[in-house]
Amino acid sequence: MTNTQVTLVQIDNYGPWTVTPEPRREADLQTMQSRLYADISQFVGNRGGYTFFTRFDNMIAVTNGLDLEDHALLQESVGNRYPVTLSLGVAADASPVQALADATARVQDAGSAQDEDRRECLEGRAVDATDRTAEDVQIAHFDVINATGTYTDELNAFDTFIEIEQGYAELMRHMRHAHESLSFFVGGDNIIVTCPDLDEGDYEEAIYHVEEAVDVELQVGVGRGECAHDAGFAAKHALETCRSDGTRVELEW
Ligand SMILES: Nc1nc2c(ncn2[C@@H]2O[C@H](COP(=O)(O)OP(=O)(O)OP(=O)(O)O)[C@@H](O)[C@H]2O)c(=O)[nH]1
């Protein structure tokens, strides 16, 4: 049984900050957001987690292996080095969707995203180290089959982006509503999904749903582990099996 720990990372009072004392240069905002994401991704990644940039002002991470002290250290380090601060909500559940809902509720209960008095709240509970198992996290790594030959080498980069995004949008909606899963575009033609206990048939159903809906052909490798990195690394190897065997779904456990 999965027990996915999800952290909501929300920049405190960010909207007003972007226009105070007047609208800030767009390139500076995007640079700051990207560097903040990279810092968080590195901090969480060094502890076995995955962070997804999501909307940049609100990021979502799979943080099995990080405790609340780790989260507090992240907040302190960001507060020392950035012009903004972070509020964090942490929760775990067999359903990643439910874990995110619980983590989000903890942050929302502490105050609005644009409440100038809400700063660096840290709410929730991490999975106890003694409770961790090798089935806590299930990661599915989806990839568009032959994106290079079908899109990258044939279309301009923006039309390719539209095609890939169509596949991502359909998959993310379907995995959210049919399979309690959270899906994130991670670059190129790759989508990483944190899932509950799904089986091969669930992934086949999802792939053919997307193909039927938007004519984007996906393959997927799936792995499990105590943390996102362990599960994600197994998923990458399973995806390589798809490539070598010409299969669409491979589970590495
Ligand atoms: N985030 C992330 N991006 C990746 C990964 N592997 C490949 N990519 C991205 O995906 C793009 C396409 O790479 P491939 O998927 O190997 O190319 P392809 O033409 O689809 O080939 P096949 O997937 O083997 O059919 C690359 O340019 C990278 O941007 C990965 O493990 N993680």
Side-chain angles (χ1 to χ4, degrees), residues 4 6-7 9 30 33-56 58-64 96 137-172 175 181-195 198 200 203-204 206-225 227-253:
T4 307
V6 174
T7 297
V9 180
Q30 290 189 31
Q33 288 170 187
S34 302
R35 286 179 176 155
L36 177 58
Y37 165 66
D39 267 355
I40 295 169
S41 180
Q42 185 83 67
F43 182 98
V44 170
N46 285 345
R47 292 161 177 80
Y50 273 0
T51 305
F52 302 101
F53 54 80
T54 321
R55 291 193 299 133
F56 284 99
N58 286 264
M59 301 180 216
I60 296 170
V62 179
T63 53
N64 294 67
V137 183
Q138 184 169 128
I139 294 286
H141 193 134
F142 287 84
D143 169 279
V144 175
I145 295 172
N146 191 25
T148 304
T150 308
Y151 304 112
T152 311
D153 291 348
E154 294 298 319
L155 306 176
N156 68 62
F158 194 81
D159 289 343
T160 291
F161 183 49
I162 290 173
E163 294 299 322
I164 301 292
E165 284 292 281
Q166 295 299 308
Y168 169 46
E170 191 59 39
L171 181 69
M172 77 188 298
M175 294 303 286
S181 304
L182 301 173
S183 308
F184 302 92
F185 176 68
V186 293
D189 64 341
N190 287 248
I191 301 156
I192 290 181
V193 188
T194 186
C195 305
L198 302 183
E200 186 167 354
Y203 293 108
E204 284 173 352
I207 278 179
Y208 293 115
H209 168 85
V210 172
E211 191 168 331
E212 183 70 25
V214 295
D215 193 25
V216 172
E217 294 186 345
L218 298 172
Q219 56 197 355
V220 62
V222 191
R224 285 191 308 209
C227 66
H229 167 73
D230 291 352
F233 215 61
K236 286 173 185 271
H237 284 288
L239 193 54
E240 285 302 292
T241 304
C242 288
R243 293 190 169 107
S244 59
D245 296 2
T247 49
R248 300 287 293 273
V249 180
E250 289 291 341
L251 278 58
E252 178 108 347
W253 65 77

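Worth saying up front: this structure is predicted, and the values here are computed from it rather than measured. Order of listing sets the numbers, starting from 1, for every ligand and every atom in it.
In terms of protein heavy atoms, atom 22 (P) of ligand 1 is closest to R243 NE, 3.5 Å. The protein heavy atom nearest to atom 31 (O) of ligand 1 is K236 NZ, 2.7 Å. Among protein heavy atoms, the minimum distance from atom 15 (O) of ligand 1 is reached at D143 OD2, 2.7 Å. Of the protein's heavy atoms, N190 ND2, 3.6 Å lies nearest to atom 7 (C) of ligand 1. Among all non-hydrogen protein atoms, the one lying nearest atom 17 (O) of ligand 1 is T148 OG1, 3.5 Å.
Of the inter-residue distances, the one linking F185 atom CZ with M172 atom CE reads 11.5 Å to the nearest 0.5 angstrom.
Between I145 and ligand 1, no N or O atom pair is found at a separation short of 3.5 Å.
With a 4.5 Å cut-off on side-chain heavy atoms, I164 and V144 count as touching. Between I139 and F233 there is no side-chain heavy-atom pair separated by less than 4.5 Å. With a 4.5 Å cut-off on side-chain heavy atoms, E170 and H209 count as touching. Looking at M59 and L36, their side chains come closer than 4.5 Å, going by heavy atoms from C-beta outward.
Ligand-side atoms of ligand 1 in range of G188: 9 (C), 10 (O), 11 (C), 29 (O), range being under 4.0 angstrom from any heavy atom.
At a distance under 4.0 Å, a protein heavy atom can be found next to atom 24 (O) of ligand 1. Protein heavy atoms are found less than 4.0 angstrom from atom 5 (C) of ligand 1.
A side chain to side chain contact (heavy atoms under 4.5 Å, CB included) with T51 is found for exactly one of V44, I60, T63, namely V44.
For L198, the side chain to side chain contact (heavy atoms under 4.5 Å, CB included) partners two or more places apart in sequence, or in a different chain, are Q138, M175, H179, S181, C195, P196, D202, Y203.
Contact annotation: for V186 versus ligand 1, heavy atoms closer than 4.0 Å belong to both the backbone and the side chain. Contacts of D189 with ligand 1, taken as heavy-atom pairs under 4.0 Å, involve both backbone and side chain. Contacts between T152 and ligand 1 below 4.0 angstrom, taking non-hydrogen atoms only, are absent altogether.
Pairs of residues two or more places apart, or lying in two chains, that qualify as side chain to side chain donor-acceptor pair (under 3.5 Å) and include a residue from residues 231-243 are D143-R243, E240-R243.
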